[in-house]
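All remarks here apply to the structure that follows.
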Amino acid sequence: MSSPKHVAIIMDGNGRWGLKNKKSRNLGHKTGLKKVEKIIKSSIKNNIKYLTLYAFSTENWKRPKLEIQFLLNLLESFLKEKIEKLVKNGVKLKIIGDLKKFPKKIQSSLKSAQKKSDKNKKLLLILALNYGSKNELVNAIRKIKEKKMKINKSSVTKSLYTKGIPNPDLLIRTGNTNRLSNFLLWQLSYSEIFFVKKMWPDFNERDYKNVLDKFKKIKRNFGNI
Ligand code: FPP
């Protein structure tokens, strides 16, 4: 009957939402960002301690240049306009993913936002950016080999971007698509998964609360009976 400590979200459906509303895919992303803020606030209200958001995957570079640029601009505006307030409200930021492909300016804003929020304790907001689970696992194996560590579950877990962070209890994917899309494959191995039909820009605090309430009713056995 307990609330999840760690919620992970695949925020899918922005593009389709934008097109369905006879506008552009990018309008979907812009509206999606507003939902990001709402869901962060709602997570704090619901006493969630870790929130991981899949904001840009290693596969998303295949998209048209203009859409990628739009997403990068949104990320920049989020860092410029919103992060300060979140930090004031006790949110700590952590990025998972390979940031080297991002423009230098974004890299340094991300680093400084992480540093500024380092002491915060209310919510750890984990943004997955240029993140891919298969790359993360390959890099972990490389690290283990370099450091001549023993190969076991603990050394793999400690060599992932998510070192020190408990696994998600709950994964929510919006957008009426039932797949994991290379997201946290190791970490989600015992998570409860909720696929939601609504597109991300339509997903609201009530929908979120609904999933959280359903989660609370699940008896989690982790292979036991
Ligand atoms: C998936 O929808 C969404 C993304 C690839 C980007 C998610 C980005 C945001 C919600 C806004 C930016 C967020 C931050 C934190 C700066 P899709 O485009 O794959 O939708 P589709 O399946 O309908 O095409």
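Both counts, for ligands and for their atoms, begin at 1 and track the order of listing. Note that the coordinates shown come from a computational prediction; the quantities given were computed from them, not determined experimentally. In this chain, numbering begins with 1 at the start of the sequence shown. The analysis underlying the following values was restricted to heavy atoms, covering all of them including side chains, and did not include hydrogens, waters or symmetry mates.
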Between the candidates Arg16, Met11, Met199, Arg63, which shows the shortest non-hydrogen contact distance to atom 17 (P) of ligand 1?
Arg63
When you look at [atom1] of [X], are more than 12 heavy atoms from neighbouring residues, nucleotides or ligands closer to it than 6.0 Å?
X	atom1	answer
Leu66	CG	no
Lys41	NZ	no
Glu84	CD	no

Ligand 1 to [X] polar contact by distance, N or O atoms, under 3.5 Å:
X	result
Tyr54	no
Gly15	yes
Gly13	yes

Can you tell me the protein heavy atom closest to [atom] and the distance?
atom	value
atom 15 (C) of ligand 1	Leu127 CD2, 4.0 Å
atom 22 (O) of ligand 1	Asp12 OD1, 2.9 Å
atom 13 (C) of ligand 1	Leu33 CD1, 3.8 Å
atom 9 (C) of ligand 1	Asn14 ND2, 3.6 Å
atom 24 (O) of ligand 1	Arg25 NH1, 2.9 Å

Any heavy atom of Lys35 under 4.0 Å from ligand 1? The part involved is neither
Short list, please: which atoms of ligand 1 are under 4.0 Å from a heavy atom of [X]?
X	result
His29	11 (C), 18 (O)
Asn60	5 (C)
Leu75	16 (C)

Check for me whether Ala55 has a heavy atom closer than 4.0 Å to any atom of ligand 1.
yes
Salt-bridge contact Asp12-Arg173 (side-chain N to carboxylate O under 4.0 Å)
yes
Do Lys38 and Glu205 sit within salt-bridge range, that is, some charged N less than 4.0 Å from a carboxylate O?
no
The test is side chain to side chain contact (heavy atoms under 4.5 Å, CB included); show your working for Phe56 and Leu74 and say whether it passes.
CA-CA 11 Å; Phe56 197 90; Leu74 273 187; over 6 Å; no
Looking at the rings of Trp61 and Phe102, which for Trp means the six-membered one, are their centres under 6.0 Å apart?
yes
What I want to check is whether the side chains of Ser117 and Asn120 have a donor and an acceptor closer together than 3.5 Å.
no
Can you confirm whether the side chains of His6 and Asp169 place a donor and an acceptor under 3.5 Å from each other?
no
